[in-house]
Protein chains: 2
Amino acid sequence: MSLGTTLRVTKQRQVLLDELSKVRTHPTADELYQMVRKRLPRISLGTVYRNLELMAENGMIQKLEVGGTQKRFDGNAAPHYHIRCQKCGRVDDLSLPLAHDVERQAREYTDFTILRHNLEFSGFCPDCQESKGRR
Amino acid sequence: MSLGTTLRVTKQRQVLLDELSKVRTHPTADELYQMVRKRLPRISLGTVYRNLELMAENGMIQKLEVGGTQKRFDGNAAPHYHIRCQKCGRVDDLSLPLAHDVERQAREYTDFTILRHNLEFSGFCPDCQESKGRR
DNA sequence: CCTTATTTTAGAAATAATTTTATATTATTT
DNA sequence: AAATAATATAAAATTATTTCTAAAATAAGG
């Protein structure tokens, strides 16, 4: 299925999107699976993965590939930046104004066609700030 | 083993570092394994992973977590940005001057302690520019 | 050197995350 | 309602990476 296709509105998709929209925590596929299971106990993890992928391709949600092993999902489809805690892995939004000009600048340094940029911060979240064991 | 420990200089490490330094292509662990195998046919993939990890912790090389499933490695330990081809996955350096001020700016929008930032561009590499099938 | 302690290795097995496949179910069109 | 298409489930397969163990290499002290 390619970008722009209209997806059928199934119960699974409704609930997935609804749960994802409720939180600001950028859950992983597995976390979402646990959340959705409370409302749809028979849903499978494969369905969660497949639909998150489809909804991301459709531009309804964002798939984040910020550091760490697992991908995370963001119900806010509008471009914005993120910050990740090096200790606990928590990912927050960071509503810094978008640096549109970096793409223009960057074009002077490469032969690539630049389509987008992603700016990602890392550090320690408030909860991890005292006990900042290294990582 | 923690940051700053001196690593023994084994043949495997010498060759790994040497091969990684030779290229500007940011190879994956498996690609490096193939490269190193030509000189050390009995090296194991586990050794490659373990040593890349150790060298990255030691600050001798960088581990890149740019999009895609696999991690990539960069023999250039100095901070710099990257651009990734959406089609073929190729990752190039992008020697745009570092945007030091974004971290200062970002501090006004978050309670996190910000330690670093990473700016990553994506688009199409020269080779993929005509045939830009979606992704 | 020679002995002992420590680190590192290869190879195999285990794990984690994700993707794919085969089959069943549900929705849409005719 | 029958045929067609899309989607779901459950299980198996795949991919990337990590862990484990015994053997080999290296370092350090006498």
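Every chain is numbered from 1, with letters handed out A, B, ... down the list of sequences.
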Checking salt bridge (charged side-chain N to carboxylate O under 4.0 Å, His left out) for the pair B:E120/B:R84: CA distance, chi angles, key distance, verdict? CA-CA 8 Å; B:E120 182 194 316; B:R84 174 169 201 279; 5.8 Å; no

Heavy-atom side-chain contact between [X] and [Y] under 4.5 Å:
{"X": "B:K71", "Y": "B:Y49", "answer": "no"}
{"X": "B:R39", "Y": "B:E19", "answer": "yes"}
{"X": "B:I61", "Y": "B:L17", "answer": "yes"}

A:Q12 and A:T47: side chain donor to acceptor below 3.5 Å: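 No, no side-chain donor-acceptor contact under 3.5 Å.
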
Would you please say whether a donor-acceptor pair under 3.5 Å links the side chains of A:H82 and A:D92? no

Within residues 12-38 of chain A, find the residues that approach DNA chain D with a heavy atom at under 4.0 Å, and present them sorted by residue number. A:Q12, A:R13

Give the residues of residues 40-50 of chain B touching DNA chain D, defined as any heavy atom closer than 4.0 Å, sorted by residue number.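 Residues of residues 40-50 of chain B that come under 4.0 Å of DNA chain D are, in numerical order, B:L45, B:Y49.
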
Measure the CD-SG distance between B:Q86 and B:C128 for me, rounded to the nearest 0.5 Å.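 Rounded to the nearest 0.5 Å, the CD-SG separation comes out at 10.5 Å.
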
Report the residues that fulfil salt bridge (charged side-chain N to carboxylate O under 4.0 Å, His left out) with A:R50, sequence neighbours left out, ordered by chain and then residue number. none

The contact string for nucleotides 22-30 of chain C, one letter per nucleotide 5' to 3', using protein heavy atoms under 4.0 Å with B, S and - for base, sugar-phosphate only and none, comes out as -----SS--

Cluster overlap B:L64 with B:L115, hydrophobic side-chain contacts below 4.5 Å: no

Is there a path of hydrophobic side-chain contacts, each under 4.5 Å between heavy atoms of I, L, V, M, F, W or Y residues, that connects B:Y33 with B:M55?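 As far as the 4.5 Å side-chain criterion goes, B:M55 and B:Y33 are connected within one cluster.
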
[N] [atom2] sits how many Å from [X] [atom1], rounded?
{"X": "A:N51", "N": "C:dT20", "atom1": "CG", "atom2": "C1'", "result": "15 Å"}
{"X": "A:L54", "N": "C:dT20", "atom1": "CG", "atom2": "P", "result": "12 Å"}
{"X": "B:L64", "N": "D:dT17", "atom1": "CG", "atom2": "C1'", "result": "17 Å"}
{"X": "B:K11", "N": "D:dA24", "atom1": "NZ", "atom2": "P", "result": "18 Å"}
{"X": "A:R39", "N": "D:dA8", "atom1": "CZ", "atom2": "C1'", "result": "18 Å"}
{"X": "A:Q70", "N": "C:dT15", "atom1": "CD", "atom2": "P", "result": "17 Å"}

Mind checking whether B:F121 and B:Y81 have parallel, tilted or perpendicular rings, split at 30° and 60°?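 Because their plane-to-plane angle is over 60°, the rings of B:F121 and B:Y81 count as perpendicular.
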
Based on the rotation axes of five pairs at each end, what angle does the helix from C:dC1-D:dG30 to C:dT30-D:dA1 bend through, to 10°?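 Helix axis angle between the two ends: 30°.
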
Tell me if the NZ atom of A:K11 is crowded by more than 12 foreign heavy atoms within 6.0 Å.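 No.
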
Here the side chain to side chain donor-acceptor pair (under 3.5 Å) pairs for residues 96-110 of chain A, sequence neighbours left out, are A:E103-A:H117

